[in-house]
A.B. asks: 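To start, I am sharing the structure in question, which I have written as structure tokens.
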Amino acid sequence: MDNAVAKTVIDIAPDQLPSHIGVIMDGNGRWAQARGKHRSDGHRAGVEALRRLVTCAVEFEIKYLTVFSFSSENWRRPQDEINTILGLMKKFVASDIGTFAKNNVRIRILGSRKGLNSSVLKMIQEAEERTTQCTGLQLNIAFNYGARAEILDATIDIAERVARGELKTQDIDEDVMSRALYTGGLPDPDIIFRTSGEQRLSNFLLWQSAYSEFVFSQEFWPDFSRSSFLDLLHTFATRKRRFGNIE
Ligand code: FPP
């Protein structure tokens, strides 16, 4: 490990570190294009960047990491690109699951399971089951995820519980809603981080990001490095969070 870098990080007080980081890994295609490569090379390099992110999160004892890997809108992309991303995701889970388990990393896949084929469902089930006992970093992979669909699914679930007499309308509060989301049981993200210069949420964690700090970087996702992660921690440490209160 680079000592100078490690020292910089020690300068951040533990209570100034985020507990939950949400990441929109954007710019794989532009990274590839800038190098005269195919978009699939960008996604492959994106997986390497994801591995670097997970390594950093484990090292700095971040409790939750939620990465946007495939949105419900990404099905609109050309079929060969969809196949590449699905293939990379399956390969990533299959090849890294042993390392995750060894590093005490728990995997959870967030998103709608509707319409997913059996091989994808099997991959999700295996990833979650093999790491269910892990108590270190929880890596949430948002896959077939869309925040509006998530809020709708939660609303339908709550309405059905009311219809069955399991829940009273007057007992519906923010906590009931939060628990009904795909992220049920997770704390809200402290940071939403997006690469590639775009500054929008793109249907990611809309409910959960009400009080998140937003951090945007110019670099394309495949260029994400340990130094980018340290920059992110430092930026977060400078933010004053008031949650609607005053200092
Ligand atoms: C955004 O880049 C990235 C995606 C839509 C997919 C993210 C996928 C990976 C990092 C690899 C697979 C994921 C896992 C979990 C193994 P873009 O294609 O939108 O880039 P562009 O905006 O430059 O075109």
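Just so you know, ligand 1 is whichever comes first in the structure, and atom 1 is the first atom listed for that ligand.
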A.B. asks: Looking only at heavy atoms of R39, does any of them come nearer than 4.0 Å to an atom of ligand 1?
C.D. replies: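 Right, R39 reaches ligand 1.
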A.B. asks: At what distance is the nearest protein heavy atom to atom 20 (O) of ligand 1, and which residue and atom is it?
C.D. replies: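 Of every protein heavy atom, G29 N, 3.0 Å lies nearest to atom 20 (O) of ligand 1.
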A.B. asks: Thinking salt bridges, do K114 and D153 make one under a 4.0 Å N-O criterion?
C.D. replies: yes
A.B. asks: Find all atoms of ligand 1 within a distance of less than 4.0 Å from any non-hydrogen atom belonging to H43, and give their numbers and elements.
C.D. replies: 11 (C), 18 (O)
A.B. asks: Any atoms of ligand 1 less than 4.0 Å from a non-hydrogen atom of N74? List them with their elements.
C.D. replies: 5 (C)
A.B. asks: Which atoms from ligand 1 have a heavy atom of F92 less than 4.0 Å away?
C.D. replies: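 Under 4.0 Å from F92, ligand 1 has these atoms: 16 (C).
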A.B. asks: Taking atom types as modelled, is there a side-chain donor on E219 or T195 under 3.5 Å from an acceptor on the other?
C.D. replies: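 Absent: no donor and acceptor within the cut-off.
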A.B. asks: Ignoring hydrogens and geometry, is there a side-chain-to-backbone donor-acceptor pair from N203 to R148 under 3.5 Å?
C.D. replies: yes
A.B. asks: Could you name the option among N28, L50, I24 that has the heavy atom nearest to atom 2 (O) of ligand 1?
C.D. replies: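 Checking each option, the heavy atom nearest atom 2 (O) of ligand 1 is found in N28.
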A.B. asks: Would you say the ring centroid of F60 lies under 6.0 angstrom from that of F229?
C.D. replies: yes
A.B. asks: Any donor-acceptor pair under 3.5 Å linking the side-chain atoms of S209 with those of D188?
C.D. replies: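 No, no side-chain donor-acceptor contact under 3.5 Å.
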A.B. asks: Give me the residue, atom name and distance of the protein heavy atom closest to atom 12 (C) of ligand 1.
C.D. replies: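 Checked against all protein heavy atoms, atom 12 (C) of ligand 1 sits closest to V47 CG2, 3.9 Å.
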A.B. asks: What protein heavy atom sits nearest atom 3 (C) of ligand 1, and how far off is it?
C.D. replies: M25 O, 3.2 Å
A.B. asks: Out of R194, K90, M89, indicate the one that has the non-hydrogen atom closest to atom 16 (C) of ligand 1.
C.D. replies: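 Result: the heavy atom closest to atom 16 (C) of ligand 1 is in M89.
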A.B. asks: Determine, considering heavy atoms only, which of A34, S69, S40, S71 sits nearest to atom 7 (C) of ligand 1.
C.D. replies: S69
A.B. asks: With no hydrogens and no angle check, do the side chains of E81 and S40 hold a donor and an acceptor under 3.5 Å apart?
C.D. replies: no
A.B. asks: Backbone N or O of Y182 within a donor-acceptor pair of the E150 side chain at under 3.5 Å?
C.D. replies: yes
A.B. asks: Pull out every atom of ligand 1 sitting under 4.0 Å from any heavy atom of D26, numbered as shown with elements.
C.D. replies: 1 (C), 2 (O), 17 (P), 19 (O), 20 (O), 22 (O)
A.B. asks: Does ligand 1 have an atom that lies less than 4.0 angstrom from a heavy atom of R77?
C.D. replies: yes
A.B. asks: Starting from atom 22 (O) of ligand 1, locate the nearest protein heavy atom and write down its residue, its atom name and how far away it is, to 0.1 Å.
C.D. replies: R30 NH2, 3.0 Å
A.B. asks: With respect to E128, which candidate in R113, R108, R106, K122 satisfies the salt bridge (charged side-chain N to carboxylate O under 4.0 Å, His left out) definition?
C.D. replies: R113
A.B. asks: Give a yes or no on whether the ring-centroid distance for F68 and Y145 is below 6.0 angstrom.
C.D. replies: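 Yes, ring centres under 6.0 Å apart.
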